[in-house]
Each structure stands twice: as C-alpha cells, then as structure tokens.
Amino acid sequence: MTERVYNFSPGPAVLPLPVLEQAQRDLLSLPGVGASVMEISHRSKAFDAILTDAQALIRQLLGVPDNYRLVFMQGGAHLQFTLVAQNFLRGTGRTAEYVLTGSWGNAAFKEAQKEGSARAIWDGKQHNYSHLPAFNELKISADAAYLHMTSNETIQGVQFKGEPDTGTVPLVCDSSSDFLSRPIDVRRYGLIYACAQKNAGIAGVTAVLIRDDLLERVPKNLSASLDYANFAKTDSRPNTPPCFAIYILMLVCRWLRDEIGGLEKMAALNTQKAKLLYDVVDSSGGFYRPHARPDCRSLMNVTFRLPSEELEAEFVKDAAQLKLTELKGHRSVGGIRASIYNAMPRAGVEALAQFMGDFAQRKG
Ligand SMILES: *Cc1c(COP(=O)(O)O)cnc(C)c1O
C-alpha cells in the first residue's frame, strides 16, 4: 500500500486513522450483520443503532440541550445556505441579517437574497476578510428573521472565539469547518449546521441542530425534502439517508469520546497544534506573512503568504516531497493554507513547523 502522507487538505480532509481502520474492518460485514452498512436497509435495526449512536454521541460531546433536534441531511453546507432562508425567511416579510467574514458567509448571503430580504450588517471585504468584528460592533435589528454567521472561514482562516448575544433573534451558524473542534454553548444558537467532510467525517452528510421552537416557523408548503420540520419528524429519514456517511460520522464521534476524551481535550490539542505553526510564522522575521489578524486566527486553517508566488510554489513542491501535502492556499487568498483539523496528528503539524523553519532559513 502507498504510505499515507500528512494531508493538510481543507476538505474533504484527513480522517482519524482508527476510524479508517474500523471502517475497513466493517467494510465486508458489520459485526453480527453479515453485510456492510452500504448494503442494508436504512430502516433496519443495525442502521437504527448507528443513527441513534451518532446522534447520542454528538449530543453528549456538545452537551446539546433537550429542546434541540439533531438531524442529518444531504446537499452539503450549500443546501443549508438555501434551506435556512427557505425555512426561516421566505414569506416572513422580515429581513435576514448576515455577518460577512469571508467566502462562505458571502455564499450563504447570496442564496438568502434569492429567497427574500437579506442584508449584511458587517462585511470585511475592504480588508480582504483578514479580521472579524467585535460582537459589540454588530447592530442586530430586534425584528430580524435571524442572524447568520460563519464560525470559521475555511478559506481566509479567521475564526470567532464565541458568538454574539442576539437576544430573541435566532442565531444561525455555519460551523462546517470547526464543528466538534471545541466545546460551544449550544443554547446561544437557534440553528447550527455543519457539512461533515472538514472536521467530522466524509462528504454526503450535514449535521443540523435546530431549536424546537424554530420548527414551528417552517412554512407548511415547503417541499418535504427541504423542510427541517419534516426531517425532525421522520428522524432524518424522509427518504434514504447517506448511511455510510452517517456511519463514518458516528465512528469519528466515538474516536472523539474514547480516544481523545471529549471536546475540551480536543480543543486543547487543536490550540497547541495551531500555536506550533503560528509561532513559526511570527518568528520568521516577516518571511511568512499571516493573512489573519492575530486575534482572529483560525485554529483549523492557518493561512499565510511568502515573499513571492515563486517561493510559494516552491514551498508547496518541497513540502510534498516530505509527504506534507495539499498546502496550496485558495486562489482568493493565495499563498499557503495548512488545514489542521481534529484528525491531523500533532506529529504532522510538528513536521510542517520544522519544514517551515528550514525553508525560511534556506530562502529568507
Ligand atoms: C466547505 C465549507 C462549505 C461548503 O460545503 P459543501 O458541503 O461543499 O457545500 C460551507 N461553509 C464552510 C464554512 C465550509 O468550510
């Protein structure tokens, strides 16, 4: 078998090795079943157990209160951009407010505008999304349909440390790239969505946490496949769900609980990993130029530039020879992006930090 690399891909991204090994062991037959999760009914006892387990683990890890429903949907975070607006904006006569902190917030905003009135109450465009607003800068209207934020902007590498107090306005959050990376206070949110392929599993499933009372606001005439209330009512199975993706999500959550020891521990590890890279950036005498302002730096996606595009290309090429891969930044920011999600082992980050130090010394 080809040796595994340290894969810094922004998504789909690295998975914990024990999860892949477990999936490999179960690939031909789930224990006691005689068939794989890909080959059994989504209404079978065996799949029921997997779905229930995944839900219970996420609830336990995040401390989800009883008045929240957890559903699994398809269509990625992109479909959530649309669904949030269809379920909670369309036909309300209200305005949805968006905090634009990078590419993904903008993408969500664009979809909302197709469904109704939406406006940006903060937009970091003029400084190329290098920093975030302070929460007291956000002037949220008391009658807004909801406030939408992106907890971690995967492309720019800026991450909120908490969440604004939105009062009675439901806070909707795209947590796709930092879901399960740290503890959060779920009670401050109306709805949280996260596609799984960054930090929680593989493409095909999106976890959505919705506060009960919001389900009553869902218009009655929505298509059944686009209706949050219907997903809650049918326990994520209005039709065939992505069984394999839910199974992997369940294994990732088990790994978080049993091998990592929960989200406090995970957050501590993530903080240490990110510090290894930012320390090299900060001590490089300006060779590495961080994209994000220091107080807004992401613990998940570390973004920086080098003195020239030629050096950036060389950096990516030399790193790959050391089996440090997928480091090229997104075209809108340029430079380098090291995505160091939960499953990226500390050893991988250490190897990258070492390489960065050596490279700066050689070329600086
Ligand atoms: C990757 C990502 C998305 C897009 O996810 P899809 O599943 O491809 O639709 C949206 N928001 C954030 C924050 C992301 O990181």
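Both ligands and their constituent atoms are indexed starting at 1 by order of listing. Model, not experiment: these values are computed from the prediction.
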**Message:** Check for me whether the distance between the ring centres of Phe231 and Tyr228 falls short of 6.0 Å.
**Reply:** no
**Prompt:** What atoms of ligand 1 come within less than 4.0 Å of a heavy atom belonging to Cys195?
**Reply:** 5 (O), 7 (O)
**Complete:** Note: Phe81, heavy atoms under 4.0 Å from ligand 1, region reported as side chain
**Fill in**
of all protein heavy atoms, closest to atom 7 (O) of ligand 1 is Gln197 NE2, 2.9 Å
**Request:** For atom CG of Asp295, decide whether the heavy atoms of other residues, nucleotides or ligands shown that lie under 6.0 angstrom number more than 12.
**Result:** yes
**Asked** In terms of residue, atom name and distance, what is the protein heavy atom nearest to atom 9 (O) of ligand 1?
**Response** His78 ND1, 2.5 Å
**Numbering as shown, the atoms of ligand 1 that approach Ser177 to under 4.0 Å (heavy-atom distance)** = 13 (C), 15 (O)
**Prompt:** So, are Asp53 and Arg254 salt-bridged, with charged N and O less than 4.0 Å apart?
**Reply:** yes
**Request:** Please state which part of Asn152 comes within less than 4.0 Å of ligand 1, counting heavy atoms only: side chain, backbone, both or neither.
**Result:** backbone
**Message:** If the cut-off is 4.0 Å to any non-hydrogen atom of Gly76, which atoms of ligand 1 fall inside it?
**Reply:** 7 (O), 9 (O)
**Prompt:** Between Ala203, Ala194, Ala77, which one has a non-hydrogen atom sitting closest to atom 10 (C) of ligand 1?
**Reply:** Ala77
**Request:** Evaluate the side chain to side chain contact (heavy atoms under 4.5 Å, CB included) criterion for residues Ile336 and Tyr288: first the C-alpha distance (whole Å), next the side-chain angles of each, then the deciding distance (0.1 Å), finally the verdict.
**Result:** CA-CA 10 Å; Ile336 305 298; Tyr288 296 116; over 6 Å; no
**Message:** For Trp104 and His78, I'd like to know if the aromatic rings sit close, meaning centre-to-centre distance below 6.0 Å.
**Reply:** yes
**Prompt:** What orientation do His148 and Tyr193 show, parallel under 30°, tilted 30 to 60°, or perpendicular over 60°?
**Reply:** tilted
**ligand 1 to Thr150 polar contact by distance, N or O atoms, under 3.5 Å** = no
**Shortest protein contact, atom 2 (C) of ligand 1 (heavy atom only)** = Lys198 NZ, 2.5 Å
**Prompt:** Does the side chain to side chain contact (heavy atoms under 4.5 Å, CB included) test come out yes or no for Phe359 and Leu306, once each step is laid out?
**Reply:** CA-CA 11 Å; Phe359 190 85; Leu306 272 65; 3.5 Å; yes
**Prompt:** Nearest to atom 11 (N) of ligand 1, what protein heavy atom do you find, and at what distance?
**Reply:** Asp174 OD2, 2.6 Å
**Request:** Could you tell me which atoms of ligand 1, counted from 1 in the order shown, lie closer than 4.0 angstrom to a heavy atom of Thr154?
**Result:** 12 (C), 13 (C), 14 (C), 15 (O)
**Message:** Take a 6.0 Å sphere around NZ of Lys363 and say whether it holds more than 12 heavy atoms from other residues, nucleotides or ligands.
**Reply:** yes
